[in-house]
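Here the structure comes first, spelled out in structure tokens, and everything after it is commentary.
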Protein chains: 2
Amino acid sequence: MTAPVFDLDAFLPYRVAMVSRRLSRIFEERYRDRFGISVAEWRVVAHLAQSGAVSVREIVARTDMEKSRVSRAAARLEAAGYVAKCTHSGDRRLVELTLTARGRAMMTELAPIAEAFNAEIGTCLGADADAFRRALDRLFASA
Amino acid sequence: MTAPVFDLDAFLPYRVAMVSRRLSRIFEERYRDRFGISVAEWRVVAHLAQSGAVSVREIVARTDMEKSRVSRAAARLEAAGYVAKCTHSGDRRLVELTLTARGRAMMTELAPIAEAFNAEIGTCLGADADAFRRALDRLFASA
DNA sequence: CGGCAATCATTGCGATTGCAACGGCCGCGT
DNA sequence: ACGCGGCCGTTGCAATCGCAATGATTGCCG
């Protein structure tokens, strides 16, 4: 029985997962205490701030999250008063998600925090930042 | 009420999370059907193949996974016959995890699959592969 | 030598997730 | 006009996760 040799540190999916987890965790610490939202909810809010009124399906297509995850995140955000849900006029299957005034206020506070964190990452990467972004784009496109 | 503007696509934690999720998903498809293990269990097995007999705590420190996640993954692996658990002689608090013959056989089959997948990613990245690896190392070190 | 804080692994519990099934709604074809 | 297949969002259910508490064991320090 040969002893299988495998270098886990060189395995890129593992490395990416570790970094992803840490980045999300660090960023989450900067807004969870203040607003009490989770990562899934942050993504929905950020997407709404970017795109205005959109349906659940659009967020699903755009963020690669499960339908149910988006649906429940939207429900929690609605319960917390950050998001309003109303049925689309014309196609009553669709749900139009919109930021409430409270949601926009949160985003006004959150956007600079996110930008700052993003900038931190950029400076941390230094000269490799552009290559890193390119690599992410390529992996996302081909995966 | 100003409309908050934020470009989610430029937000690196988000991009990394998307790519991480996709890579893990794709790789998982290549072994889940054959061996019925999950990502957490794969990580434990890969680490055992690399490090021999180790305790739960070492895997936790090394992989940045929660104690309970590693513990349960080890329990599932033991139930499936891939891993053996025995108390460390000398310090009976520690649990020594070891690959069984069946576990080593699985790893013998899995290692080439992982290597191939890793190589695919490398070729996909092309000239940016080295910078990508450097960037991951730097983010991991500073996070 | 004895107690006591610390370490290690497990487990209970609440929350979240993914998958699949479902109910409501649309639009196409007839 | 009317089914009927398909799309959209929600929900039931099982599994997993994270966190905190617990049980078991060790090593330190008085």
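Below, read A as the first sequence line, B as the second, and so on, with proteins coming before strands; counting in each chain starts at 1.
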Taking every heavy atom of B:Ala114 against every heavy atom of B:Trp42, the minimum-distance pair comes out as CB-CH2, 3.9 Å
Separation of C:dC8 atom P from B:Glu96 atom CD, nearest Å, is 14 Å
Item to complete: Answer yes if B:Leu94 and B:Leu77 sit in the same cluster of Ile, Leu, Val, Met, Phe, Trp and Tyr residues linked by side chain heavy atoms under 4.5 Å apart, and no otherwise.
Response: no
A:Asp64 and B:Arg25 ion-paired at < 4.0 Å: no
Here the distance between atom P of C:dA6 and atom CG of B:Leu94, to the nearest Å, is 18 Å
### Query
Counting only side-chain N and O atoms of A:Ser68, is one of them less than 4.0 Å from OP1 or OP2 of C:dG18?
no
Here the distance between atom P of D:dA14 and atom CZ of B:Arg76, to the nearest Å, is 17 Å
Distance check: side-chain N/O of B:Arg93 vs OP1/OP2 of D:dA24, anything under 4.0 Å?
no
Q: Look at the side-chain N and O atoms of B:Arg57 and state whether any lies under 4.0 Å from the OP1 or OP2 oxygen of C:dA6.
A: no
The single option from B:Arg102, B:Arg34, B:Arg30 that satisfies salt bridge (Lys or Arg N to Asp or Glu O under 4.0 Å) with B:Glu109 is B:Arg34
Rounded to whole Å, CZ of B:Arg72 lies from C1' of D:dC19 at a distance of 10 Å
* To do: State plainly whether the residues B:Arg133 and B:Asp128 are in salt-bridge range, i.e. N to O under 4.0 Å.
  => no
For a quick check of understanding: with a heavy-atom distance under 4.0 Å over all strands, which category does B:Ser38 fall into, base, sugar-phosphate or nothing? nothing
message = Just to be sure I understand the rule, does B:Arg21 reach a base, reach only the sugar-phosphate, or reach nothing, if contact means heavy atoms closer than 4.0 Å?
response = sugar-phosphate
Closest of C:dC26, C:dC13, D:dT10 to the A:Val56 side chain is D:dT10
note: B:Arg92, atom CZ; C:dT10, atom C1'; distance rounded to Å ~ 16 Å
Comparing A:Asp91 with B:Arg25, nearest DNA chain C nucleotide closer to 5' gives the residue B:Arg25
Report yes if at least one side-chain N or O of A:Lys85 is closer than 4.0 Å to OP1 or OP2 of D:dT10; otherwise report no.
yes
Regarding the side chain of B:Ser71, the nearest nucleotide among C:dA9, C:dC19, D:dT26 is C:dA9
From NZ of A:Lys67 across to C1' of C:dC22 the rounded distance in Å is 10 Å
From CD of A:Glu66 across to C1' of D:dT11 the rounded distance in Å is 14 Å
*Could you check whether B:Ala40 gets within reach of a base, just the sugar-phosphate, or nothing at all, counting any heavy atom under 4.0 Å?*
sugar-phosphate
Separation of C:dA9 atom C1' from B:Ile59 atom CD1, nearest Å, is 12 Å
